[in-house]
Student: 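Once you've had a glance at the structure underneath, I'll fire off some questions.
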Number of protein chains: 2
Amino acid sequence: MKSRSQALSKVFYALSDPTRRAVLKHLGSGPASVSELAQPFDMALPSFLQHLQVLEISKLVRSKKAGRIRTYQLTPDPLLAAESWISAQRTSWEKRLNQLDNYLKEMKEKKL
Amino acid sequence: MKSRSQALSKVFYALSDPTRRAVLKHLGSGPASVSELAQPFDMALPSFLQHLQVLEISKLVRSKKAGRIRTYQLTPDPLLAAESWISAQRTSWEKRLNQLDNYLKEMKEKKL
DNA sequence: CAAATACTTAGGCATTGACCTAACTATTGT
DNA sequence: ACAATAGTTAGGTCAATGCCTAAGTATTTG
């Protein structure tokens, strides 16, 4: 139970940075090396590496080194876990029609 | 574009803490006051308040004060935005994996 | 083997985050 | 009015983040 929560924390934390989200997006279209991933960013390589480490610690990505090139790729599971958590919350509040209803009414009032 | 990204960052950041996720869970079953929300946690009130502020800044919740009681409630939109972002990523790599799958199947067929 | 390439590690600095205690303000109940 | 209640603000500690430059380690490549 506890470890699941910690894992979720790390995943959400990893997702909380635009650079890291961009890296995930990039990896969505296939594996890539450190320098390929770093290229779009105006940042010193060691700084960028830290972001990759955060991603790897969260297990959103994994990497393997072949020769002098380290290749990163996505690991789907943690992203799924995060999505599930959010989805569960959504289901919970959607059940409560009250709140949603009030919310929509307020939106209407704001638009008028 | 940029503001959307910043908003997402704040939402994911807010979600990266177990206390804050627990608060959201609590609010999923209805609005609640500061002290109701704080009660399960072994934490000084000012520390807990900071978490509520993080949640409010991320717009995952909003609050109104009536008399001396401040009541919090969920705001669904940011959670939906976060879920959408993840979902979009998932779709992206799922497509790719399908393509890879097709490719592998073709290879198999060629071998036959 | 020497030079270029692709990372890696070390160390430093500024900011932010998470927690605390103590003291304060604004209601409300008696 | 006074005490209790419900939050709030101020200020301090300590660790973690995000960025940097400089220097180091492996691997190719010429």
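Here is the naming used below: chain letters follow the sequence lines, and residue numbers restart at 1 for every chain.
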Student: Out of D:dG7, C:dC7, C:dC19, which has the shortest distance to the side chain of B:I69?
Tutor: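 Of the options given, the side chain of B:I69 lies nearest D:dG7.
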Student: Have a look at B:F41 and say if it touches a base, only the backbone sugar-phosphate, or nothing, with a 4.0 Å heavy-atom cut-off.
Tutor: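 It contacts nothing in the nucleic acid.
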Student: Does NZ or CZ of A:R20 fall inside the cone over B:F12's six-membered ring, less than 6.0 Å from its centre and within 45° of the axis?
Tutor: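 Verdict for B:F12: no cation-pi partner in A:R20.
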Student: Across the strands shown, which category fits A:Y13 at heavy-atom distances under 4.0 angstrom: base, sugar-phosphate, nothing?
Tutor: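 Sugar-phosphate contact only - A:Y13 comes under 4.0 Å of backbone atoms but never of a base.
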Student: Could you pick out which residue, A:S16 or B:L49, lies toward the 5' side of DNA chain D when each is mapped onto its nearest nucleotide?
Tutor: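 Closest to the 5' end, via its nearest nucleotide, is B:L49.
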Student: Answer yes or no: does a side-chain N or O of A:H51 lie under 4.0 Å from OP1 or OP2 of D:dT17?
Tutor: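 So the side chain of A:H51 is outside the cut-off, no N or O lying under 4.0 Å from OP1 or OP2 of D:dT17.
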Student: Rounded to whole angstrom units, what separation is found between the CG atom of B:L45 and the P atom of D:dT8?
Tutor: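 My rounded result for the distance is 8 Å.
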Student: Taking 4.0 Å as the cut-off, does a side-chain nitrogen or oxygen of A:S33 come that near to OP1 or OP2 on C:dA6?
Tutor: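 So the side-chain polar atoms of A:S33 never come under 4.0 Å of the phosphate oxygens OP1 or OP2 of C:dA6.
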Student: Could you state the atom-to-atom distance from NZ of B:K64 to P of C:dT27 in whole Å?
Tutor: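 Checked: the NZ to P distance equals 17 Å.
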Student: So which nucleotide from D:dT27, C:dA18, D:dT8 ends up closest to the side chain of B:K65?
Tutor: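 Comparing D:dT27, C:dA18, D:dT8 against the side chain of B:K65, the answer is D:dT8.
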Student: Of A:A66 and A:D42, whose nearest nucleotide on DNA chain D comes first from the 5' end?
Tutor: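 Looking at DNA chain D, the more 5' nearest nucleotide goes with A:D42.
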Student: A:K59 versus A:D77: any side-chain heavy-atom pair under 4.5 Å?
Tutor: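 Counting from C-beta outward, A:K59 and A:D77 never come under 4.5 Å.
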Student: From CG of B:L55 over to C1' of C:dG17, roughly how many Å is that when rounded to an integer?
Tutor: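 So the two atoms are 14 Å apart, to the nearest Å.
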Student: Below 4.5 Å, heavy atoms only, C-beta onward: do B:L49 and B:L52 meet side chain to side chain?
Tutor: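 Side chain of B:L49 against side chain of B:L52, heavy atoms only: contact under 4.5 Å found.
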Student: For a quick check of understanding: with a heavy-atom distance under 4.0 Å over all strands, which category does B:S35 fall into, base, sugar-phosphate or nothing?
Tutor: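 Sugar-phosphate only.
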Student: Is it true that B:R90 and A:E83 have a side-chain N and a carboxylate O under 4.0 angstrom from each other?
Tutor: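 The answer is yes: the pair qualifies as a salt bridge.
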Student: Can you tell me how far C1' of C:dT21 sits from CE of B:M43, to the nearest Å?
Tutor: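 In whole Å, C:dT21 C1' lies 15 Å from B:M43 CE.
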Student: Taking atom C1' of D:dA6 as reference, at what distance in whole Å does atom CD of B:Q39 sit?
Tutor: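 Distance check: B:Q39 CD to D:dA6 C1' gives 15 Å.
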Student: Taking only side-chain nitrogens and oxygens of A:R70, does any of them come within less than 4.0 Å of OP1 or OP2 of D:dA26?
Tutor: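 False: A:R70 side-chain N/O out of range (4.0 Å or more) of D:dA26 OP1/OP2.
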Student: Can you figure out which of C:dC20, D:dG18, C:dA18 approaches the side chain of B:P46 most closely?
Tutor: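 From the listed options, C:dC20 comes nearest.
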Student: Nearest to the side chain of A:A44 - C:dA18, C:dC20, D:dT21?
Tutor: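 Comparing C:dA18, C:dC20, D:dT21 against the side chain of A:A44, the answer is D:dT21.
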Student: Is there side-chain contact between A:R62 and A:T75, with heavy atoms separated by less than 4.5 Å?
Tutor: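 Sidechains of A:T75 and A:R62: in contact.
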Student: Rounding to an integer number of Å, can you tell me how far B:I57 CD1 sits from C:dA18 P?
Tutor: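 Rounded to whole Å, this separation is 11 Å.
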Student: Below 4.0 angstrom from OP1 or OP2 of D:dT8, is there any side-chain N or O of B:R68?
Tutor: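 Checking D:dT8 against B:R68, no side-chain N or O comes under 4.0 Å of OP1 or OP2.
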Student: Report yes if some heavy atom in the side chain of B:L60 is under 4.5 Å from a heavy atom in the side chain of B:L15; otherwise report no.
Tutor: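 Yes, side chains in contact.
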Student: How close or far is atom P of D:dA6 from atom CD of B:E36, stated in whole angstroms?
Tutor: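 Value for this atom pair: 10 Å.
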Student: Is there a side-chain polar atom (N or O) of A:Y72 under 4.0 Å from OP1 or OP2 of C:dC7?
Tutor: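 Result: no.
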Student: Could you work out which one of D:dG18, C:dA18, C:dC7 sits closest to the side chain of A:V54?
Tutor: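 The answer is D:dG18, which lies nearest to the side chain.
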Student: In whole Å, I'd like the distance from the CD atom of B:Q50 to the C1' atom of D:dA10.
Tutor: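 In whole Å, D:dA10 C1' and B:Q50 CD are 12 Å from each other.
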